[in-house]
Protein chains: 2
Amino acid sequence: MISKTKTRTRDDRADRTQKKILRAAVQEFSTHGLSGARTDRIAGSAKVNKALLYYYFKNKQGLYAAAVEAVAARVVENALAEFDRKYSAGERLLRSALNHFDRILTQREFQSLMQQEMVRFRSGKSGSIPVLFRAAFTPLIAKMREATEDGIRNGEICQMDWLQVMYSIFGANVFYFLSAPMMELALPFRPFGPKALKLRREAAVQFLGAALFTDRAAGMRLANRVLRDMPMPRVKNVQARIENFHARRRPL
Amino acid sequence: MISKTKTRTRDDRADRTQKKILRAAVQEFSTHGLSGARTDRIAGSAKVNKALLYYYFKNKQGLYAAAVEAVAARVVENALAEFDRKYSAGERLLRSALNHFDRILTQREFQSLMQQEMVRFRSGKSGSIPVLFRAAFTPLIAKMREATEDGIRNGEICQMDWLQVMYSIFGANVFYFLSAPMMELALPFRPFGPKALKLRREAAVQFLGAALFTDRAAGMRLANRVLRDMPMPRVKNVQARIENFHARRRPL
DNA sequence: ATCAATTGATTAACTGGTTAGTTAAATTAT
DNA sequence: ATAATTTAACTAACCAGTTAATCAATTGAT
């Protein structure tokens with residue numbers, strides 16, 4: 001009961017290897033999808049025997065579910081923070097938009113896994129994941145609705161359906177990252193370059209400021225204030241991170 | 001050279017089977033993705049021997065590329081029509097937004113394939129498809145840019161980056177369809193129901209009207225006019241179509 | 001404290017079903 | 001006939017999942 005600093009107690013080690021497996025799984029699944037992912041590759045890059053995946057997780061799907069869950073939990077929690085009542089309803093919306101952008105920017109695996117899941121949802125069911133998502137997103141959506149309706153009530157926000165507001169907020173962000181690799185083919189610059197990212201980040205909030213608020217000028221001012229208040233998070237090298245995804249070490 | 005009406009000239013037949021294969025391939029790839037798709041299933045639902053796939057298309061990837069190309073070509077062509085110079089710049093933008101929505105609505109396979117490709121693009125290259133996309137989308141993007149810059153020049157549209165306009169237009173649409181199956185879990189209604197679709201379609205254009213135009217009221221009026229001008233296309237039963245996707249006949 | 005016995009963690013090697021791709025023979029239109 | 005089209009049957013590779021054995025930490029009896 002004393003050991004904590006350097007000890008390698010049994011279930012401490014076990015815990016570490018489980019985490020190693022999960023990390024590797026998130027990587028693999030987010031780049032190759034459920035059916036494209038290879039259990040050998042996951043075991044390989046976690047430097048662990050393949051049988052361990054089945055020891056800790058029922059099967060490939062179980063591992064997948066665990067990976068999705070891990071990522072989702074990490075994300076939703078931090079998203080809720082921006083809905084603090086100390087901000088005005090309009091500001092809460094703008095803040096959550098920025099938070100959403102930054103979350104995608106810094107946690108690419110989340111975005112990638114979500115994309116995959118959204119595609120998978122179309123055809124039949126996806127195991128236990130629906131349950132997981134309902135639990136995770138319901139509170140987030142509720143906050144969004146509350147903020148929109150508050151804003152309309154006190155005259156800050158234009159009279160409009162809260163759901164449509166939500167789509168406009170999330171849509172542009174998701175689409176930017178979703179389409180960037182493809183857009184790169186038809187654009188004269190790299191959408192993942194730091195300059196382009198910064199520009200898009202600002203444009204997204206300013207666009208909302210211009211569209212949502214009854215007083216357009218006030219909306220723009222608020223957008224700029226929020227931008228000053230929430231600086232863009234540092235990300236080493238988005239482009240490189242993405243390209244490295246498929247450059248993993250082959251297990252013997 | 002005479003036969004056209006009922007004749008089954010040799011390469012007429014061949015042409016038909018090729019098309020049958022392509023249709024089946026589009027279905028399969030759009031529901032299961034490249035690695036999830038099964039060549040046996042494609043052959044089966046095209047009622048054709050599997051070897052034919054390899055006779056007409058080099059391999060699975062080749063078939064995939066052909067499927068993507070077929071869908072993309074069909075789509076881009078019809079998208080360009082809305083950029084007719086007889087409309088004002090602002091109207092061209094609103095029209096293309098609506099056209100984009102309707103295109104996704106009526107040709108789900110396109111949306112699905114594009115999603116898959118966007119995910120695939122992230123990790124390494126995707127064969128010959130980049131070339132294909134550059135060719136298809138460059139003119140479309142150019143039109144979009146032209147319309148935005150025209151509108152800014154004549155004062156119709158707010159001073160803003162054309163690229164950001166494009167993201168806002170496409171983003172909300174793509175995200176709506178992308179997220180609908182998942183949103184269904186956390187919403188009190190079905191986003192693919194006809195009522196929800198109609199609502200979203202209107203909201204999307206109205207939102208743009210409110211955000212893009214220097215004269216917001218005029219923008220809203222224009223949005224409503226365009227909506228009257230382009231009625232929502234009839235779609236039998238979106239929900240059913242989607243659910244049927246995975247209920248394909250197993251070949252013996 | 002010492003050392004079996006026990007329990008949990010990890011591995012190498014294997015299995016069986018699946019699936020992309022091939023081949024050689026049969027059919028069909030001209 | 002003959003060249004293009006279509007098929008049935010096959011194969012080689014792959015890959016999710018298993019098994020039986022090994023290794024290492026913990027327990028507990030002395």
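The sequence lines fix the lettering, A, B, ..., with proteins before strands; numbering per chain opens at 1.
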Side chain to side chain contact (heavy atoms under 4.5 Å, CB included) assessment of A:Val174 paired with B:Val174: CA-CA 9 Å; A:Val174 167; B:Val174 168; over 6 Å; no
Using whole Å, report how far CG of B:Leu63 lies from C1' of C:dG21. 13 Å
Qualifying residue for side chain to side chain contact (heavy atoms under 4.5 Å, CB included) with A:Leu63, from A:Val68, A:Leu53, A:Thr39: A:Leu53
For A:Tyr54 and D:dT18, what is the distance between atoms OH and C1' respectively, to the nearest whole Å? 10 Å
Please encode protein proximity along nucleotides 6-14 of chain D as a string of B, S and -, counting only heavy-atom distances under 4.0 Å. BBB------
Using 30° and 60° as the class limits, which term best fits the ring planes of A:Tyr176 and A:Phe101: parallel, tilted or perpendicular? tilted
Within the 4.5 Å heavy-atom criterion, are B:Leu178 and A:Phe175 side-chain neighbours or not? no
Does any non-hydrogen side-chain atom of B:Ile104 lie less than 4.5 Å from one of B:His100? yes
Kindly say if A:Thr39 contacts the phosphate of D:dC15, meaning a side-chain N or O under 4.0 Å from OP1 or OP2. no
Atom-pair distance (CD on B:Glu28; P on C:dT19), nearest Å: 10 Å
To the nearest Å, give me how far apart CG (B:Leu53) and C1' (C:dT19) are. 13 Å
Please report, rounded to the nearest Å, how far the C1' atom of D:dA16 is from the CZ atom of A:Arg41. 14 Å
Which part of the nucleic acid, if any, lies within reach of B:Ala43 when heavy atoms closer than 4.0 Å are counted: base, sugar-phosphate only, or nothing? nothing
Give the rounded distance in Å between these two atoms: CG of A:Asp40 and P of D:dA16. 6 Å
